[in-house]
Amino acid sequence: MKTQLMPFALSLITGLLLGHTTACSQEASSSMARPKMGAKAPDFKLMSIDGEKVQLSSMAKESNVVLVVLRGYPGYQCPLCSRQVSELRSKASQLASASAKVLLVYPGPAANLGMKAKEFLNDSSLPEGFTMVLDPDYKFTNAYGLRWNAPNETAYPSTFIIDKTGTIKFAEVSGGHSGRVASDTVLAKLKAIGS
């Protein structure tokens with residue numbers, strides 16, 4: 001009996017080890033794709049909720065860019081995303097004084113994404129210098145290595161600050177729902193960069 005169980009146990013252990021290695025390498029490759037501080041921010045072009053094309057490189061030529069990746073609609077409007085955006089909105093004039101524009105990315109499945117993004121904003125307009133873009137089917141999220149590929153998840157909440165040369169001067173990716181970058185931290189980092 002023990003002899004018969006041995007090949008099965010060995011096969012099970014090998015399978016578990018290989019599965020663990022694959023999971024680790026997938027996680028590593030995902031985090032390797034994430035843009036790092038000091039690197040050039042990979043360029044992208046997405047549509048705003050108003051239907052205009054927005055390109056990161058064009059925006060960064062004019063001002064520093066605070067790139068905020070939200071969770072989109074994982075079955076509900078994320079209250080932590082709402083709070084983060086509300087806090088940034090309350091600092092709109094200070095962000096403008098720091099020569100910064102805020103680019104909010106709302107990821108999710110393409111179907112009804114624009115409607116969900118407008119619902120997230122609660123029918124209110126964004127302050128000047130703020131733009132929300134849609135990331136249908138996670139094209140941007142995957143390219144930046146930020147896809148949170150688990151049930152009822154979308155993207156890891158993230159904040160990047162990109163200067164006028166297109167260089168990432170600050171990057172923070174949350175491993176969970178919380179861990180959002182406070183607007184005062186964003187302003188302090190922008191002050192260190194200068195205009």
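Along the sequence shown, residues carry numbers from 1. Being a predicted model, the structure only gives us computed values, none of them experimental.
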Asks: Which pair of heavy atoms, one from Ala117 and one from Ile49, lies closest together, and at what distance?
Replies: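 Closest pair (atom of Ala117, atom of Ile49, distance): CB-CG2, 3.7 Å.
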
Asks: Going by the angle between their ring planes, with limits at 30° and 60°, are Tyr144 and Phe160 parallel, tilted or perpendicular?
Replies: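 Perpendicular: the ring planes of Tyr144 and Phe160 meet at over 60°.
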
Asks: Among Met132, Met59, Met47, exactly one meets side chain to side chain contact (heavy atoms under 4.5 Å, CB included) together with Val54. Which residue is that?
Replies: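 Only one of Met132, Met59, Met47 forms a side chain to side chain contact (heavy atoms under 4.5 Å, CB included) with Val54, namely Met59.
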
Asks: Side chains of Cys81 and Arg180, heavy atoms from C-beta outward: is any pair under 4.5 Å?
Replies: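 Contact flag for Cys81/Arg180 side chains = yes.
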
Asks: Out of the candidates Val65, Leu46, Leu103, Val102, only one should pair with Thr131 under the side chain to side chain contact (heavy atoms under 4.5 Å, CB included) rule; please name it.
Replies: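 It is Leu103, the one option of Val65, Leu46, Leu103, Val102 that forms the side chain to side chain contact (heavy atoms under 4.5 Å, CB included) with Thr131.
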
Asks: Over all heavy atoms of both residues, which pair between Ala110 and Asp137 is shortest? Give the atoms and the distance, please.
Replies: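 Taking Ala110 first and Asp137 second, the nearest heavy atoms are N-OD1, 3.0 Å.
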
Asks: Quick check with a 6.0 Å cut-off and a 45 degree axis cone: is Lys189 positioned over the face of Phe170's six-membered ring?
Replies: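 No, Lys189 does not sit over the ring of Phe170.
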
Asks: Rounded at 0.5 Å granularity, tell me how far CD1 in Ile161 sits from CD1 in Ile193.
Replies: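 It comes to 5.0 Å.
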
Asks: Taking atom types as modelled, is there a side-chain donor on Asp50 or Ser48 under 3.5 Å from an acceptor on the other?
Replies: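 No, no side-chain donor-acceptor contact under 3.5 Å.
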
Asks: Compare every heavy atom of Ser183 with every heavy atom of Leu88, then report the nearest pair and how far apart it is.
Replies: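 Taking Leu88 first and Ser183 second, the nearest heavy atoms are CD2-CB, 4.0 Å.
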
Asks: Do Ser124 and Arg89 have a side chain donor and acceptor closer than 3.5 Å?
Replies: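 A donor-acceptor contact under 3.5 Å links the two side chains.
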
Asks: Would you please test Thr141 and Thr154 for side chain to side chain contact (heavy atoms under 4.5 Å, CB included) and show each step?
Replies: CA-CA 9 Å; Thr141 304; Thr154 53; over 6 Å; no

Asks: Check whether more than 12 heavy atoms from other residues, nucleotides or ligands sit under 6.0 Å from atom NZ of Lys40, and answer yes or no.
Replies: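 Counting neighbours around NZ of Lys40, more than 12 heavy atoms of other residues, nucleotides or ligands fall under 6.0 Å, so yes.
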
Asks: Quick check: does any side chain N or O of Asp135 sit under 3.5 Å from a backbone N or O of Val105, one acting as donor and the other as acceptor?
Replies: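 Not a single qualifying donor-acceptor pair exists.
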
Asks: So which heavy atom on His177 is nearest to which on Leu80, and how close?
Replies: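 His177 and Leu80 have their closest heavy atoms at O-CD1, 3.3 Å.
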
Asks: Do Phe140 and Val69 make a side-chain contact, defined as non-hydrogen atoms from C-beta onward lying under 4.5 Å apart?
Replies: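 Yes - at least one pair of side-chain heavy atoms lies under 4.5 Å apart.
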
Asks: Ignoring hydrogens and angles, tell me if any N or O in the side chain of Thr165 forms a donor-acceptor pair with the backbone of Asp163 under 3.5 Å.
Replies: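 No; judged by distance alone, with no hydrogens or angles, the pair does not exist.
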
Asks: Can you get from Leu134 to Tyr138 by hopping between Ile, Leu, Val, Met, Phe, Trp and Tyr side chains that sit under 4.5 Å apart?
Replies: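 Result: no, two separate clusters.
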
Asks: Got a salt bridge between Arg71 and Glu153, using NZ or NE/NH1/NH2 to carboxylate O under 4.0 Å?
Replies: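 Counted as a salt bridge, because a side-chain N and a carboxylate O are separated by less than 4.0 Å.
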
Asks: CG/Leu56 to NZ/Lys61 distance, rounded to the nearest 0.5 angstrom?
Replies: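 Going from CG on Leu56 over to NZ on Lys61, the span is 11.0 Å.
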
Asks: Might you point out which heavy atoms bring Lys169 and Met37 nearest each other, and give the distance in Å?
Replies: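 Residues Lys169 and Met37, closest heavy atoms: O-SD, 3.3 Å.
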
Asks: Does any part of the side chain of Leu70, heavy atoms only, come nearer than 4.5 Å to the side chain of Gln84, both counted from C-beta?
Replies: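 Gln84 reaches Leu70 side chain to side chain.
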
Asks: Taking the side chain as C-beta and beyond, is there a heavy-atom pair between Val181 and Val68 under 4.5 Å?
Replies: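 When only atoms from C-beta onward are counted, Val68 and Val181 do not touch, as no gap falls below 4.5 Å.
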
Asks: Are Lys164 and Ser99 close enough that some pair of their side-chain heavy atoms sits under 4.5 Å apart?
Replies: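 Side-chain contact under 4.5 Å: yes.
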
Asks: What is the minimum heavy-atom distance between Gly176 and Ser174, and which atoms define it?
Replies: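 For Gly176 and Ser174, the tightest heavy-atom pair comes out as O-OG, 2.8 Å.
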
Asks: Determine whether Cys78 and Tyr73 make a side-chain contact, defined as any pair of heavy atoms from C-beta on separated by less than 4.5 Å.
Replies: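 A side-chain contact under 4.5 Å is absent here.
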
Asks: For the residue pair Phe120 and Val85, establish whether any side-chain heavy-atom pair is separated by less than 4.5 Å.
Replies: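 SC-SC contact between Phe120 and Val85 confirmed.
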
Asks: Arg147 side chain to Asn142 main-chain N or O, any donor-acceptor pair under 3.5 Å?
Replies: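 Looks like no, no N/O pair under 3.5 Å.
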
Asks: State, with a plain yes or no, whether a side-chain heavy atom of Leu126 is found less than 4.5 Å away from one of Leu121.
Replies: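 Yes. Closest side-chain heavy atoms under 4.5 Å.
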
Asks: Residues two or more places apart in sequence or in another chain: which of them pass side-chain hydrogen bond (donor to acceptor under 3.5 Å, both in side chains) with Ser86?
Replies: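 Expected list: none.
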
